[in-house]
Every structure is written in structure tokens, then in C-alpha cells.
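Naming: A, B, ... by sequence-line order, numbering from 1 per chain.
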Protein chains: 2
Amino acid sequence: MLLPVEPVFLKSLRDHVYGLLRDAIISGKLRSEEKLNERQLASQLGISTTPLKEALRVLEAEGLVRSEPRRGIYVTFNAAQAEEMMLARAAIESMIARQAAKRVSKEQVAQLRTLIVEMRAGLETVDVLELIALNERFHNVIHEASGCGYLRRLQSGQNIYTHTARLIVLSEERERFQAVEEHEAIANAIANHEADLAERLMRDHVIRSGEKHLLRVSQAEN
Amino acid sequence: MLLPVEPVFLKSLRDHVYGLLRDAIISGKLRSEEKLNERQLASQLGISTTPLKEALRVLEAEGLVRSEPRRGIYVTFNAAQAEEMMLARAAIESMIARQAAKRVSKEQVAQLRTLIVEMRAGLETVDVLELIALNERFHNVIHEASGCGYLRRLQSGQNIYTHTARLIVLSEERERFQAVEEHEAIANAIANHEADLAERLMRDHVIRSGEKHLLRVSQAEN
DNA sequence: ATCTGAAACTTGATATATCAATTCTTCGCA
DNA sequence: TGCGAAGAATTGATATATCAAGTTTCAGAT
């Protein structure tokens with residue numbers, strides 16, 4: 001059996017550049033209000049301006065850069081915006097949870113319950129990587145239960161936490177416990193089709209853990 | 001005194017084309033799954049492919065078209081997505097209302113109260129255009145009170161209602177009454193700094209009136 | 001008749017050249 | 001010395017040319 005091709009080669013140049021620039025902006029390598037020169041950046045990356053321009057348009061649509069016609073392109077990202085992106089995540093993710101509570105199937109409820117059990121077990125083993133994977137699967141089940149492809153996509157655009165940030169946050173025992181508690185409450189609300197409750201719990205969960213991530217990020221910068 | 005130049009000439013070609021295509025997709029002139037040929041479309045519009053490609057990337061970032069590398073660009077918009085965009089609007093707008101309730105100034109509270117009074121007066125005069133303008137100003141005050149530039153931007157990207165749709169919906173007396181009632185309740189919640197309440201009221205308001213808009217749109221299509 | 005594969009064709013991906021608006025520099029006049 | 005206009009330089013906006021992946025078509029073998 002053959003392995004799939006490395007994703008890098010499947011992505012187009014513009015997608016690659018887009019990811020590159022996004023990471024640079026989110027991680028702070030490109031500072032806010034820093035001017036980006038299309039030609040210079042293109043030659044620096046060893047590409048032409050066409051794919052770069054397309055990548056910049058996507059970043060502009062996401063609100064990470066601002067383009068002033070015939071003047072320049074400026075990075076637009078700071079702590080305040082990071083917080084707003086976290087709030088956006090909370091808003092969208094909680095709306096997804098709301099819809100999931102309405103449409104979840106019995107199989108999906110079972111999946112959620114299984115994941116909760118595994119998370120509880122994971123608390124003991126202290127394997128942070130596994131907990132991160134479980135978290136992702138948990139949210140994925142909810143996303144699928146919601147049946148909201150557009151919201152899911154919109155939500156993924158608000159993601160600004162790096163893998164290392166997740167590692168640091170989940171390495172705290174208190175955080176691990178609280179996260180599992182909250183996940184269980186959310187799972188129960190969805191299982192019971194309590195849309196309002198699921199929405200509220202999810203919103204509070206994302207905001208609370210988000211504030212913790214943001215705190216870590218700002219600490220890491222100083 | 002000179003009038004400002006027509007906005008058309010201030011916008012770059014790509015922004016113009018972007019708006020053109022977005023309207024065409026939202027209004028249904030371009031059907032879902034319809035294939036867009038870059039060259040054909042460019043020559044049809046009388047432009048080169050460069051600004052068109054940039055416009056298409058923005059639409060792709062917004063989830064209105066889907067680009068399959070070296071295969072084609074396909075329109076992605078249907079009734080289900082329109083509903084999800086409305087839900088996204090509700091989620092984000094309610095998060096904005098939540099923040100506004102925390103940060104609103106006394107002057108802004110006064111502005112909201114004034115607008116409510118004007119809306120009540122407008123109910124009698126039946127000037128729909130003025131009501132639409134008042135609605136917009138009402139939401140704008142809340143947006144400014146929230147201090148959330150990013151959320152505001154994200155929210156504006158979820159707007160799919162045309163001017164005529166607004167006209168039709170607000171031409172119903174029952175809808176006008178209910179909208180003003182809801183606006184007043186939201187204004188009170190924000191004035192009293194009741195973040196949770198403001199969020200919930202705004203969410204329900206956007207969803208309720210949104211469902212009405214969507215109903216009108218789907219009726220207009222058949 | 002069906003399947004295979006190579007060639008022609010289509011089309012998005014990428015590169016390069018040109019255009020035009022903005023900014024910067026500099027020279028000259030008050 | 002300071003202001004301002006002209007022109008050079010910069011740079012994003014736009015147009016055009018080229019490349020390469022994917023699709024289609026059709027001849028030829030089984």
C-alpha cells in the first residue's frame with residue numbers, strides 16, 4: 001500500500017505562501033503595521049507576484065492585512081485582535097454546538113460519551129499529545145453533528161493557537177481537569193438536546209480556555 | 001463645492017469585480033456548482049485575469065466559491081448556506097452586543113434611546129426607507145460601543161440581504177412592530193450592562209428576522 | 001464492443017512586462 | 001530659511017505570455 005503524497009506538493013504555491021505569511025503574522029514575526037512590499041517579498045520568497053498577490057488577498061479578506069490602493073499592504077494584527085478572534089471562535093463554535101444539540105444522532109452521542117471516558121482516562125496517563133488529539137476529535141464530532149459546513153469553515157479561520165501553545169496550556173493539571181469537566185457538561189447538554197445550554201456552555205468554555213491561551217502567548221512574547 | 005468622485009472609480013478593479021461576482025452569486029444569477037472559467041469570465045468582463053483571480057480568491061476565502069487546483073472554480077452557495085450565514089451573523093452580532101453591554105458609554109446609551117424613540121415615531125409614518133436607515137444606525141451604535149473592529153468586519157461579511165429584501169420584510173406592519181420591540185429590549189439590556197441578556201436577545205432577534213428574510217428570498221425565487 | 005493509451009486541448013498556475021498613482025527628492029524662487 | 005513645483009523613483013494595479021496539470025477524444029489492440 002502506498003502512502004499519500006506529502007501535502008506540501010498538493011498545495012498550490014499561493015496556498016503555501018498564504019500559510020507561511022499567516023503563521024508569520026500570528027506568531028509575531030511580522031509586526032503590526034509593518035509594510036509588505038509585493039515585489040521584494042516575492043523575490044525574497046523566490047516566486048512571482050501573482051501567487052503572492054492572491055495570498056495577500058486572502059489574508060486581507062481574513063483581516064490580517066490591510067491593503068491601501070496604490071499605497072501599500074500593512075500587517076494588521078495585535079493583542080486586541082487576537083482576543084477578538086478568540087471571541088469570534090467562541091461565538092461561532094457555540095452556534096455550532098447549538099445546532100449540534102438539535103441534530104445530533106444517537107451514534108454521535110455515543111461517540112461523545114466514549115471520548116469523555118477516554119479523556120478521563122487520559123487525565124491519569126498525562127499524555128498531553130493524546131489529550132490534544134482527543135480534544136480535536138471531540139470538537140469534530142460536534143461539528144459533524146451540527147451539519148454546518150459553512151460555520152465550520154468560518155470557525156477554522158479564527159484559529160490562532162499554535163501547537164506549542166496548546167501543549168503549554170494543557171500541561172497544567174488544573175486546566176486538564178477543568179477542560180474535561182466542561183467537555184462533559186457540553187456533551188450532556190448536546191445529548192439531551194438542550195440547545196440553549198449547549199450554546200452557553202460552549203461559549204464559556206471557548207472564552208475561558210481562550211483567555212488562558214492568550215495569556216500564555218503574551219507571556220511567551222515578553 | 002465639488003461632489004466626491006463616484007465610488008466606482010475609487011475602488012480598484014478587483015474590488016469592483018468582487019462586488020459584482022458576490023452579488024451575482026448571492027442573488028442566484030450564478031447558480032451553485034456552476035463552473036467559472038477564468039479566461040472566459042475575464043474577457044467577458046473586459047479585464048485581464050489578474051484582478052479577476054484576486055477577486056476569486058476573496059470569494060473563496062468567504063466560502064462562496066470553491067477552487068479545485070487545475071480543475072476549475074465552482075460556485076458554492078445554496079439555501080442551506082444562506083441559512084448558515086444568517087446563523088453566523090446572529091452568532092457574531094450577539095457577541096458584539098455582549099461586548100457592547102460591557103463597554104457602552106452613557107452617550108451611546110442616550111443615542112440608542114433616541115433611536116428607539118425615532119423608530120416608534122417611524123412606525124406611524126410608515127416610511128420604510130427611514131426605518132431601514134434607523135435600523136442601520138441602531139446596529140452601528142452597538143458596533144461602536146463594542147469596540148470590536150474585527151468582529152464588526154467579520155459580521156459585515158455575512159450580509160446577504162439585498163435592499164429590496166429589507167424593503168419587503170419591513171413593509172409588513174407586524175414585522176415593524178416586532179423589530180422595534182426587540183430593539184428596545186436589546187437597548188435596555190445594553191444600557192443596564194446585562195451582557196448575557198443582550199447577547200441572547202440579539203441572537204434571537206437576528207435569527208427571527210433573518211428567517212423572515214430568507215423566507216422572502218426563497219419565495220421571490222419561485 | 002470494450003478497454004487502453006497517446007495526443008490534442010482546456011484551463012488554472014505561474015512568470016514577466018507595462019501602466020499609473022503616490023511618494024520622495026531636489027532645485028529654484030521668495 | 002522655507003515653501004513649492006517639477007521630475008525621478010517607488011510600488012501597487014493591470015495586462016499578457018508561458019507552463020503544466022487535468023480532461024477529452026479517438027485510434028488501435030484484444
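Residue R39(B) contributes atom CZ, which lies 14 Å from atom P of dA20(D) at whole-angstrom precision. Atom CG of L41(B) is separated from atom P of dT10(C) by 18 Å (rounded to the nearest Å). If you measure from atom CD of E38(B) to atom C1' of dA13(C), you get 8 Å, rounded to the nearest angstrom. R57(A) places its CZ atom 17 Å from the P atom of dA13(C), with the value rounded to the nearest Å. To the nearest angstrom, P of dA13(C) lies 11 Å from CG of L52(B). Remark: P of dT11(D) and CD of Q44(A) are 13 Å apart, rounded to the nearest angstrom. At whole-Å resolution of the value, CG in L36(A) and P in dT10(D) are 19 Å apart. To the nearest angstrom, C1' of dA15(C) lies 12 Å from NZ of K53(B).
Counting heavy atoms from C-beta on, the side chains of Y18(B) and L56(B) never come closer than 4.5 Å.
Here dT11(C) is the nucleotide among dT11(C), dA13(C), dG12(D) with the atom lying nearest to any side-chain atom of K35(B). Considering only side-chain atoms of S48(A), the nucleotide from dA15(C), dT16(D), dA15(D) that sits closest is dA15(C). The side chain of R70(B) lies closest to dG22(D), out of dT14(D), dG22(D), dT16(D). Side-chain proximity of N37(B) to dG12(D), dT11(C), dA13(C): nearest is dT11(C).
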- Message: Pair Y150(A), Q155(A) - check side chain to side chain donor-acceptor pair (under 3.5 Å), show working.
- Response: CA-CA 8 Å; Y150(A) 178 81; Q155(A) 131 81 15; over 6 Å; no
- Tell me, with the steps shown, if L131(B) and R176(B) meet side chain to side chain contact (heavy atoms under 4.5 Å, CB included). CA-CA 8 Å; L131(B) 266 181; R176(B) 287 202 300 271; 3.0 Å; yes
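H205(B) and H139(B) have parallel rings, their planes meeting at less than 30° on a 0 to 90° scale where 60° marks the start of perpendicular.
Residues E68(B) and T50(A) both approach DNA chain C. Their nearest nucleotides, taken by heavy-atom distance, put E68(B) toward the 5′ side.
The backbone N or O of G149(B) lies less than 3.5 Å from a partner atom in the side chain of E84(A), making a donor-acceptor pair.
In this model, no side-chain donor or acceptor of S12(A) finds a partner on the base of dA13(C) within 3.5 Å.
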